[in-house]
Amino acid sequence: MPLWLGRLLTNLLDNADRHAATTVHVRLGTDPARGLALLDVEDDGPGIPPADRERVFERFTRLDDARSRDHGGTGLGLSIARDIARHHHGTLAVTPTPTGARLTATIPLTAAD
């Protein structure tokens, strides 16, 4: 299981690094009241328009069509990351932020396989 959670984090970091202007922030914490582990990966890039905040989790979705595959991703990273979160009974979503993009993963602290 730790290997897959590592892949989730790696995919979020790769995505943030690809879109960041200069900075990527990572926050890991817990919400004991809800029994959740929380992971936020935030960049200071152009952000994700509200209309695309679910679409970015679809396979092969790349918002910047002008970007070549050599310089951008394949459009699989966020989809795979969400699948991993769901496999662990969690979620992965775009969290609104004034600038850039923030992706938030939640995983139950006592998740069963």
Side-chain angles (χ1 to χ4, degrees):
M1 289 304 161
L3 177 67
W4 289 111
L5 293 174
R7 171 53 55 195
L8 184 151
L9 176 59
T10 299
N11 286 8
L12 295 180
L13 289 172
D14 286 347
N15 185 73
D17 183 55
R18 188 175 299 113
H19 298 289
T22 60
T23 306
V24 173
H25 292 280
V26 177
R27 284 181 294 280
L28 181 61
T30 61
D31 182 342
R34 297 190 302 157
L36 296 173
L38 306 172
L39 170 66
D40 286 324
V41 177
E42 186 172 340
D43 67 65
D44 63 349
I48 301 170
D52 293 322
R53 289 184 180 162
E54 273 304 306
R55 193 168 76 88
V56 296
F57 296 107
E58 295 173 6
R59 293 187 183 277
F60 305 111
T61 296
R62 292 173 38 209
L63 296 183
D64 184 355
D65 293 331
R67 195 171 33 196
S68 77
R69 206 162 129 175
D70 293 337
H71 295 90
T74 60
L76 289 172
L78 293 181
S79 176
I80 291 168
R82 183 178 255 185
D83 286 348
I84 294 168
R86 286 179 172 166
H87 177 77
H88 287 77
H89 310 287
T91 64
L92 177 59
V94 177
T95 305
T97 183
T99 60
R102 180 186 308 138
L103 291 133
T104 301
T106 64
I107 305 288
L109 292 169
T110 58
D113 294 279

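Every heavy atom of this structure was used, including side-chain atoms; hydrogens, water molecules and symmetry mates were not.
- Scored by the side chain to side chain donor-acceptor pair (under 3.5 Å) test, Asp83 finds Arg59 as partners (sequence neighbours excluded).
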inquiry  = With side chain to side chain contact (heavy atoms under 4.5 Å, CB included) as the criterion, how do Val94 and Leu103 come out once you've worked through the C-alpha distance, each side chain's angles and the decisive distance to 0.1 Å?
reply    = CA-CA 5 Å; Val94 177; Leu103 291 133; 3.8 Å; yes
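- Looking at residues two or more places apart in sequence or on another chain, you find a side chain to side chain contact (heavy atoms under 4.5 Å, CB included) between Thr30 and Pro32, Leu109.
- Not one N or O on the side chain of Asp43 forms a donor-acceptor pair closer than 3.5 Å with the backbone of Gly100.
- Partners of Arg27 by side chain to side chain contact (heavy atoms under 4.5 Å, CB included), not counting sequence neighbours, listed by chain and number: His25, Asp40, Glu42, Arg102.
- Across all their heavy atoms, Ala21 and Asp44 have their closest contact at N-OD1, 2.8 Å.
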ask   = Can Asn15 and Val41 be said to form a side chain to side chain contact (heavy atoms under 4.5 Å, CB included), step by step?
value = CA-CA 9 Å; Asn15 185 73; Val41 177; over 6 Å; no
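- Not a single side chain to side chain donor-acceptor pair (under 3.5 Å) links Thr10 to another residue, sequence neighbours left out.
- Under the side chain to side chain contact (heavy atoms under 4.5 Å, CB included) criterion, Asn11 pairs with Arg7, Ile80, Ala81, sequence neighbours left out.
- Residues Leu13 and Leu92 are members of one and the same hydrophobic cluster, defined by side-chain heavy-atom contacts under 4.5 angstrom among Ile, Leu, Val, Met, Phe, Trp and Tyr.
- Closest approach of Phe57 to Ser79, counting heavy atoms only: O-CB, 3.2 Å.
- When the salt bridge (charged side-chain N to carboxylate O under 4.0 Å, His left out) test is applied to Asp31, the partners found at least two apart in sequence or on another chain are Arg34.
- For Arg53, the side chain to side chain donor-acceptor pair (under 3.5 Å) criterion is met by no residue, not counting sequence neighbours.
- In this structure, Leu28 is not a member of the same hydrophobic cluster as Leu38, with clusters built from ILVMFWY side-chain heavy atoms closer than 4.5 Å.
- With sequence neighbours excluded, no residue satisfies side chain to side chain donor-acceptor pair (under 3.5 Å) with Asp14.
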task = Apply side chain to side chain contact (heavy atoms under 4.5 Å, CB included) to the pair Leu39 and Thr106, showing each step before the final yes or no.
result = CA-CA 6 Å; Leu39 170 66; Thr106 64; over 6 Å; no
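- Under a hydrophobic clustering in which Ile, Leu, Val, Met, Phe, Trp and Tyr are joined whenever their side-chain heavy atoms come within less than 4.5 Å, directly or via other members, Trp4 and Leu36 fall into different clusters.
- The distance from the NE2 atom of His87 to the CG atom of Leu5 is 9.0 Å, given to the nearest 0.5 Å.
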